[in-house]
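Remember, it's 1-based here, ligands and their atoms both numbered in the order they're listed.
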Amino acid sequence: MGFTHIFDHPLIHHKISFLRDKTTSTPQFRQIVNEIAMLMAYEISRDFPLVTTTVETPLATTECKRLAERSVVLVPILRAGLGMLEGFQFVLPSASVGHIGMARNEETLEPEPYYHKLPGHVTEAHVIVLDPMLATGGSACNAIDFLKSQGATDITFAAILGTDQGLQKVHEAHPDVRVYLAEKDPVLNEHGYIVPGLGDAGDRIFGTVDAD
Ligand SMILES: O=P(O)(O)OC[C@H]1O[C@H](OP(=O)(O)OP(=O)(O)O)[C@H](O)[C@@H]1O
Ligand SMILES: O=c1cc[nH]c(=O)[nH]1
Ligand SMILES: [Mg+2]
């Protein structure tokens, strides 16, 4: 089994309770998704490598530690993954951003990719894939397959809610990929939705709950 980290932190539990609440408005939902993303970024970056640099303070010359340039690429899976992007960028402002567009077919639950744009240095960087929902794991695996086909070797997947089914699928296909979940839920329903979950993350982030 690959690496899984499930957060157990009061701030994260508190914030997720508002995401689950069906009365939470779209602006609030979007704000809270980004707040959780920011907290996740803090933990995910715990082991990031540092380079030494020389800095002139107002008083002296000193050696400091900084993250290497171009060392992180954030890859939100459209649409819902975009909801986590600002939170990660707040903590990692120098990270480049790649995009993968993917929509799950509502009948088959199979992911259908429709767009991709990645920076060239995805091959050397630590790639963090963002998507609030890890349900069957199909979208995550498809995105990771694509990233590896483009030369990515160092990949982390960050989701707010996930299931055992999704985790198992990712770890079986990609045992080298680290998975971070803010919380884990017990089941998927017959439509592939996480239960109790929070509904359709993309629709709640972008205000399209009433779309066709
Ligand atoms: O683990 P899976 O079973 O593949 O399901 C998870 C996927 O479903 C949702 O996207 P959706 O297809 O609703 O697209 P959207 O982000 O445009 O709403 C979610 O954001 C994941 O990408
Ligand atoms: O519960 C779910 C499952 C997949 N995608 C979502 O947005 N929500
Ligand atoms: Mg959706």
Side-chain angles (χ1 to χ4, degrees), residues 2 4 6 15-26 28-34 36-37 40 74-88 97-118 127-148 155-174 177-212:
T4 304
I6 300 173
K15 290 176 189 298
I16 288 181
S17 77
F18 293 97
L19 296 186
R20 293 189 189 280
D21 187 337
K22 66 180 182 183
T23 67
T24 296
S25 68
T26 283
Q28 288 171 321
F29 191 91
R30 200 161 48 226
Q31 167 75 21
I32 297 164
V33 166
N34 269 316
I36 294 169
M40 293 181 80
L74 303 171
V75 180
I77 301 180
L78 314 185
R79 291 173 303 163
L82 286 174
M84 298 171 73
L85 182 60
E86 262 186 45
F88 272 77
V97 181
H99 293 83
I100 295 179
M102 189 123 47
R104 202 170 64 152
N105 182 299
E106 284 176 15
E107 264 101 58
T108 65
L109 300 185
E110 289 299 314
E112 295 178 351
Y114 56 83
Y115 181 77
H116 56 79
K117 183 83 173 179
L118 299 177
V127 178
I128 308 177
V129 185
L130 310 177
D131 191 328
M133 309 305 276
L134 178 67
T136 66
S139 303
C141 282
N142 195 301
I144 295 164
D145 285 341
F146 173 69
L147 286 163
K148 288 187 173 176
I155 303 176
T156 293
F157 187 87
I160 293 182
L161 290 187
T163 60
D164 278 323
Q165 189 180 329
L167 279 174
Q168 197 175 340
K169 188 167 171 104
V170 172
H171 285 320
E172 272 173 17
H174 300 289
V177 171
R178 299 169 292 273
V179 181
Y180 287 76
L181 297 182
E183 277 187 10
K184 184 158 69 75
D185 269 12
V187 279
L188 284 178
N189 70 13
E190 66 276 23
H191 305 294
Y193 276 85
I194 297 174
V195 180
L198 47 75
D200 189 301
D203 285 343
R204 295 194 67 190
I205 289 166
F206 293 108
T208 50
V209 177
D210 56 356
D212 300 335

> Report yes if some N/O of P132 lies less than 3.5 Å from some N/O of ligand 1; otherwise report no.
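N/O-N/O distance below 3.5 Å does not exist for this pair.
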
> Return a yes/no value: protein heavy atom under 4.0 Å from atom 2 (P) of ligand 1?
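Within 4.0 Å of atom 2 (P) of ligand 1, protein heavy atoms are found.
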
> Can you report which non-hydrogen protein atom sits closest to atom 14 (O) of ligand 1, along with the distance?
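For this ligand atom, the closest protein heavy atom is M102 O, 3.9 Å.
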
> Any atoms of ligand 1 less than 4.0 Å from a non-hydrogen atom of M133? List them with their elements.
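What qualifies from ligand 1 is 6 (C), 19 (C), 21 (C).
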
> Please verify whether a non-hydrogen atom of R104 lies at under 4.0 Å from ligand 2.
yes

> Which atoms of ligand 1 have any heavy atom of A80 under 4.0 Å away?
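Those of ligand 1 that fall under 4.0 Å from A80 are 16 (O), 20 (O).
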
> Testing V195, V187, I194, L134 one by one against T163 for a side chain to side chain contact (heavy atoms under 4.5 Å, CB included), which residue passes?
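The residue from V195, V187, I194, L134 that satisfies side chain to side chain contact (heavy atoms under 4.5 Å, CB included) with T163 turns out to be I194.
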
> Which atoms of ligand 1 sit under 4.0 Å from any heavy atom of G138?
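What qualifies from ligand 1 is 1 (O), 4 (O).
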
> Look at atom 2 (C) of ligand 2 and say which protein heavy atom is nearest, naming residue and atom and giving the distance to 0.1 Å.
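Atom 2 (C) of ligand 2 sits closest to the protein heavy atom Y193 CD2, 3.4 Å.
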
> Taking the side chain as C-beta and beyond, is there a heavy-atom pair between Y180 and I128 under 4.5 Å?
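When only atoms from C-beta onward are counted, I128 and Y180 do not touch, as no gap falls below 4.5 Å.
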
> Any side-chain heavy atom of L161 sitting closer than 4.5 Å to one from L19?
no

> Can you tell me if G197 contacts ligand 2 (heavy atom of the residue under 4.0 Å from the ligand)?
no

> Between T24 and F29, what is the shortest heavy-atom contact and its length?
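Closest pair (atom of T24, atom of F29, distance): CG2-N, 3.7 Å.
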
> Hey, does V129 have a side-chain heavy atom less than 4.5 Å from the side chain of I77?
yes

> Is atom 9 (C) of ligand 1 close to the protein, meaning a heavy atom under 4.0 Å from it?
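Given the 4.0 Å limit, the answer for atom 9 (C) of ligand 1 is no, no protein heavy atom qualifies.
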
> Is the side chain of R30 donor-acceptor paired with the backbone N or O of G207 at a distance under 3.5 Å, no angle test?
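No: the side chain of R30 does not pair with the backbone of G207.
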
> Does L118 form a side-chain contact (heavy atoms from CB on, under 4.5 Å) with V127? I'd like the steps, not just the answer.
CA-CA 10 Å; L118 299 177; V127 178; over 6 Å; no

> Quick one: look up the protein heavy atom nearest atom 7 (O) of ligand 2 and list residue, atom name and how far away it is.
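Of the protein heavy atoms, A201 N, 2.8 Å lies nearest.
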
> Atoms of ligand 1 less than 4.0 Å from A103 heavy atoms?
12 (O)

> Determine, using heavy atoms of L109 and all atoms of ligand 1, whether some pair is separated by less than 4.0 Å.
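Contact absent.
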
> May I ask you to check whether D200 brings an N, O or S atom to under 2.8 Å from the Mg ion (ligand 3)?
yes

> Looking at R104 and T136, would you say the former's side chain and the latter's main chain have a donor-acceptor pair under 3.5 Å?
no

> I need the atoms of ligand 2 closer than 4.0 Å to a non-hydrogen atom of A135, numbered in the order shown.
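Contacts of ligand 2 toward A135, numbered from 1: 3 (C), 4 (C).
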
> Out of all atoms in ligand 1, which are within 4.0 Å of some heavy atom of D200? Include the element for each.
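Within the 4.0 Å cut-off of D200, ligand 1 contributes 13 (O), 18 (O).
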
> Evaluate side-chain contact (heavy atoms from CB on, under 4.5 Å) for I16 paired with I160, printing each intermediate quantity in order.
CA-CA 8 Å; I16 288 181; I160 293 182; 4.1 Å; yes

> For the side chain of T4 and the backbone of V179, is there at least one donor-acceptor N/O pair under 3.5 Å apart?
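Between the backbone of V179 and the side chain of T4 there is no qualifying donor-acceptor contact (under 3.5 Å).
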
> Between ligand 1 and R79, is the shortest N or O to N or O distance under 3.5 Å?
yes

> Tell me, which protein residue and heavy-atom name are nearest atom 3 (C) of ligand 2, and how many Å apart are they?
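In this structure, atom 3 (C) of ligand 2 has G192 O, 3.5 Å as its nearest protein heavy atom.
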
> Identify the two heavy atoms, one from G83 and one from V33, that lie closest to each other, and give their separation to 0.1 Å.
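What the structure gives for the nearest pair is O-CG1, 3.3 Å.
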
> For G137 and ligand 1, does the shortest N/O to N/O distance drop below 3.5 Å?
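Yes.
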
> Which of the atoms in ligand 1, numbered in the order shown and given with their element, are less than 4.0 Å from a heavy-atom of G202?
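Taking each heavy atom of G202 in turn, ligand 1 has 18 (O) under 4.0 Å.
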
> For ligand 1, does D131 get within less than 4.0 Å through its side chain, its backbone, both, or neither, judged by non-hydrogen atoms?
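The answer is the side chain.
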
> Give a yes or no answer on whether the side chain of N34 reaches the backbone of G87 with a donor-acceptor pair at less than 3.5 Å.
yes

> Heavy atom of G199 under 4.0 Å from ligand 2?
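True for this residue.
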
> Does the side-chain contact (heavy atoms from CB on, under 4.5 Å) test come out yes or no for R20 and D185, once each step is laid out?
CA-CA 11 Å; R20 293 189 189 280; D185 269 12; 2.7 Å; yes

> Do ligand 1 and T136 have nitrogen or oxygen atoms that lie under 3.5 Å from each other?
yes

> Around atom 1 (O) of ligand 2, find the nearest protein heavy atom and jot down its residue, atom name and distance.
I194 N, 2.8 Å

> Starting from atom 7 (C) of ligand 1, find the nearest protein heavy-atom neighbour and note its residue, name and distance.
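Of the protein heavy atoms, S139 OG, 3.5 Å lies nearest.
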
> Considering only protein heavy atoms, which is closest to atom 12 (O) of ligand 1, and at what distance to one decimal place?
R104 N, 2.7 Å

> Between A159 and M40, which heavy-atom pair has the shortest distance, and what is it?
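Nearest pair, atom of A159 first, then M40: O-CE, 3.2 Å.
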
> Under the criterion side chain to side chain donor-acceptor pair (under 3.5 Å), I'd like the reasoning laid out for R79 against T208: C-alpha separation, chi angles, the key distance, then a yes or no.
CA-CA 11 Å; R79 291 173 303 163; T208 50; 3.0 Å; yes

> Could you walk me through whether K148 and I155 pass the side-chain contact (heavy atoms from CB on, under 4.5 Å) check?
CA-CA 9 Å; K148 288 187 173 176; I155 303 176; 3.9 Å; yes

> For ligand 1, is any non-hydrogen atom under 4.0 Å from D203's backbone (N, CA, C, O), its side chain (CB onward), both, or neither?
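Under 4.0 Å from ligand 1, D203 contributes no heavy atoms.
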
